[in-house]
Amino acid sequence: MRTQLLTLFDQEQQKSAHRRNLHEAAMKGSLPSLPQTLDQTPLVLTSSPPPSPPSSTDTPLHVAALLGHLDFAKSLLNQNPDLAGKPNSDGLTPLHLASAKGYAEIVKELVSVNPDVGFVLDRDGRSPFHLACIKGRVGVLTELLRVNPELARAVTGGGGESCLHLCVKYNRLEALKVVVEGFGKDEFVNWKDGDGNTVLHLAVAKKQLEIIKFLLVTTAIEVGRRNAHGLTALDVLSQSPRDLRDMEIKQCLQGGGVSTRFNSNGEITEVFSIRKKKELQNGISIKEQPKKHKHTDWLGRKRSSLMVVASLIATVAFQAAISPPGGVWQNDSTTDSNGESGEKTSHEAGQSVMAYNIPVAYGQFMIFDTIAFLASLSIILLQVSGLPIKRRRWMWVQMVTMWIAITAQTITYFITFIHMTPKNNQKTLYEVTKISVLAWLLLIAIVFIGNFIRVITWLLRKYGYIKEEEDPNNGEDDENDDL
């Protein structure tokens, strides 16, 4: 009895040694050593794998599939095709490993031996097709879809995610394209995961603009679908953290729906997409939006610019008023005009030196500085007043006020510049000032004439004297439609 036990122990030791040798050969992809190992122990591929390292529960085919040894994997499959469907302790078949690593040729061999192995889920509830989507293995996905397109229908065991959900979750646009084009089912894109989210919900939450465009252009995705919380994709966008891509994503979503027009008899006369799908491929077009949305961006930019410039001018004008040229007197003076003490007070501490020495120039300085200060404050007040001043005509009023503020501030600067310059430099100063003033007046004239022409053109277009042409820029730069 003892002799039999020793014999069995020796046989198991030999088998374990041969298994280790086979795993080592699989790791190296060494074909020459494979026949010798199989001749020594023919049942090494059919018996259970050893319960201890180095190979754990992986079969030699697992190792070959993981490392991409195609010829070695073929030889193993020729010896025992059942190895293709054997999972390891993590529930991973050789097809899982080859799919995740992107070895399309090994995948082809495995599914040719056992096509049903593609439906096996690992311990995390994912099929080989799911792993290929997660890793973005386009070649593997193409091969699996060629063998059996139904593999794309499998959902994960845990979260109920489809392969499309996984492509979006891991931002695999090319894999998504392969699955959508290979599967060819429109309703497939509207499947929901365990939380009721479609792939569009996920793409919007992750701000994946290119994937959103692809879904809206290529598929029959329903923009208005709601998840388990009752949220549409647009609702998800509004509740997500702000991002530079939000405006473009919002335009995509608002243009992704389909509207239907009816005639007076209730018959459908036109079914159209608010944003044509071709236009989404080349960028977002907004020419089909209502006119009030067409100019939103322009008005917003103008309001922001006016607020910034008005705040700057108000700050400069205020500082100039409290610190006039020459400063202020630091003490009181009770000397009369003859330099002797008397009852007449020549000046008081805190009063402007320029007001006593050059009263006319000081008056001009304060007049134009005050105009600049009040004009800029008027713009700020209008911006924060809450009044409905978002139409263009109100924007033009603010812009004219801004021109006044800038011009007054410029004149204030020249007055200060002239009276702070010594008399021996007056000639040079005069030439510089003359050229500067002429250049400034020329710029003002150009701006005035340009806007005058625009107003005239708008009036002629409004009353039908000029035919309105289609805007090649889709209205983004048209600033004359609603003066």
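- The shortest side-chain heavy-atom distance between Ile411 and Gln364 does not fall under the 4.5 Å cut-off.
- Under the salt bridge (charged side-chain N to carboxylate O under 4.0 Å, His left out) criterion, Glu105 pairs with no residue, sequence neighbours left out.
- Residues passing the side chain to side chain contact (heavy atoms under 4.5 Å, CB included) test with Pro87 are Thr93, sequence neighbours excluded.
- Proximity of Cys252 to Leu209: side-chain heavy atoms (C-beta onward) are separated by under 4.5 Å at one or more points.
- In this structure, the side chain of Asn148 engages the main chain of Glu150 through a donor-acceptor pair within 3.5 Å.
- Screening Pro94, Cys133, Pro128, Ser127 for a side-chain contact (heavy atoms from CB on, under 4.5 Å) involving Ser99 leaves a single residue, Pro128.
- For Phe414, there are no ring-ring contact (aromatic ring centres under 6.0 Å, His included) partners at least two apart in sequence or on another chain.
- With contacts defined as side-chain heavy-atom distances shorter than 4.5 Å, the pair Ile211/Arg172 does not qualify.
- The side chain to side chain contact (heavy atoms under 4.5 Å, CB included) search around Ser376 returns Ala310, Ile313, Ala314, not counting sequence neighbours.
- When side chains are defined from C-beta on, Asn190 counts as touching Ile221, because their heavy atoms get closer than 4.5 Å.
- Looking only at side-chain heavy atoms (C-beta outward), Leu438 and Leu442 stay at 4.5 Å or farther from each other.
- Here the shortest heavy-atom pairing between Val178 and Leu145 reads O-CD1, 3.7 Å.
- When the side chain to side chain donor-acceptor pair (under 3.5 Å) test is applied to Thr412, no partner is found at least two apart in sequence or on another chain.
- Taking CG of Asn171 as the start and CD1 of Ile134 as the end, the distance is 13.5 Å to the nearest 0.5 Å.
- Residues Glu248 and Arg245 are not paired through a salt bridge, judged by the lack of any N-O separation under 4.0 Å between the basic side chain and the carboxylate.
- Salt bridge annotation for Lys250-Asp246: absent, with no cationic side-chain nitrogen under 4.0 angstrom from a carboxylate oxygen.
- Here the closest heavy-atom approach between residue His165 and residue Leu202 is recorded as CD2-CD1, 3.5 Å.
- Listed by chain and residue number, Arg226, Leu234, Asp235 satisfy the side chain to side chain contact (heavy atoms under 4.5 Å, CB included) test with Thr232 (two or more places apart in sequence, or in another chain).
- Nearest heavy atom pair, residue Ala175 against residue Val138, reads N-CG2, 4.2 Å.
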